[in-house]
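Single-structure report; data block below.
Reminder, nothing fancy here: chain letters follow the sequence lines and each chain counts from 1. Quick note: numbers below take in every heavy atom, side chains included, and nothing from hydrogens, waters or symmetry partners. From a predicted model like this one, the values you see are computed outputs, not experimental measurements.
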Amino acid sequence: KAGVTQTPRYLIKTRGQQVTLSCSPISGHRSVSWYQQTPGQGLQFLFEYFSETQRNKGNFPGRFSGRQFSNSRSEMNVSTLELGDSALYLCASSTVTGWNSPLHFGNGTRLTVT
Amino acid sequence: AQSVTQLGSHVSVSEGALVLLRCNYSSSVPPYLFWYVQYPNQGLQLLLKYTSAATLVKGINGFEAEFKKSETSFHLTKPSAHMSDAAEYFCAVSDHGQGAQKLVFGQGTRLTINP
């Protein structure tokens, strides 16, 4: 079974631009979560989508948004990019939402904002 | 709010030696606890999880962790280190009501194995 696929792997953007990252979950997984990983702040939860609905949201500004499609694929969008948005963005999927459904992570998209 | 503290950002052990990575949690309700491993240029992989069924949890690759409520700890151990264990390890916590998707991670411990 294929793992979580994130595209693109690397992205370079300029401050003020916007960016869209894509995530295809493991087949049959209906929950998709997004995390930001930086050297300074570590791993931080962005949001979780389940059945096309945002179930949970982390403490990030409104510039960060996401959505999930009917096939469970998910996208996250960051508008008006800032230098501090440079990070590894990790997508993770799970079969359902709940305690007995741990996360399976993709290899991430590394975003560099210049 | 829940939080996780990993003691030691870097741990170095010799091949064949005991691996001990420390994790202490703070949670207002009974927690779910996880250990994840991250190899260079990859995402995170689940090593093991504690969900109150048993205090000693066995995971993949020979790792195990013991939940100690009195010490609010969930330390990760492996009896004999292998070169392939070199990676970064993250402890994470989730409140019961939040499921296993919204996790609070520790800052990570980078494990180095000396030949």
Under 4.5 Å to a heavy atom of chain A? For B:Tyr39 that would be neither

So, the part of B:Gln107 with a heavy atom under 4.5 Å from chain A: the answer is side chain

Check whether more than 12 heavy atoms from other residues, nucleotides or ligands sit under 6.0 Å from atom [atom1] of [X], and answer yes or no.
X       : atom1 : result
A:Arg15 : CZ    : no
B:Lys69 : NZ    : no
B:Asn41 : CG    : no
A:Ile12 : CD1   : no
A:Arg73 : CZ    : yes

Would a single hydrophobic cluster contain both [Y] and [X], if residues Ile, Leu, Val, Met, Phe, Trp and Tyr are joined by side-chain heavy-atom contacts under 4.5 Å?
X       : Y        : result
B:Leu47 : B:Val11  : yes
B:Tyr50 : B:Val4   : yes
A:Val32 : A:Val78  : yes
B:Ile60 : B:Leu18  : no
B:Phe74 : B:Leu111 : yes

Got a second to check how far [X]'s [atom1] is from [Y]'s [atom2], nearest 0.5 Å?
X        : Y        : atom1 : atom2 : result
A:Gln41  : B:Phe105 : CD    : CZ    : 15.0 Å
B:Leu44  : A:Leu43  : CG    : CG    : 5.5 Å
A:Asn56  : B:Lys102 : CG    : NZ    : 5.0 Å
B:Leu103 : A:Leu103 : CG    : CG    : 5.5 Å
B:Leu46  : A:Phe105 : CG    : CZ    : 9.5 Å

Scored by heavy-atom pairs under 4.5 Å with chain B, the best of A:Lys57, A:Gln37, A:Gln44, A:Arg9 is A:Gln37

Note: B:Lys49 and A:Pro102 closest approach over all heavy atoms is NZ-CD, 3.8 Å

Here the pair of heavy atoms bringing B:Gln101 nearest to A:Ser101 is NE2-O, 2.7 Å

Heavy-atom cut-off 4.5 Å, strictly under: side chain, backbone, both or neither for [X] against chain B?
X        : result
A:Leu88  : side chain
A:Tyr35  : side chain
A:Gln6   : neither
A:Arg110 : neither

### Query
How far apart are the C-alpha atoms of B:Gln45 and A:His104, what are their side-chain angles, what is the distance that settles it, and do they pass the side-chain contact (heavy atoms from CB on, under 4.5 Å) test?
CA-CA 7 Å; B:Gln45 180 183 7; A:His104 298 261; over 6 Å; no

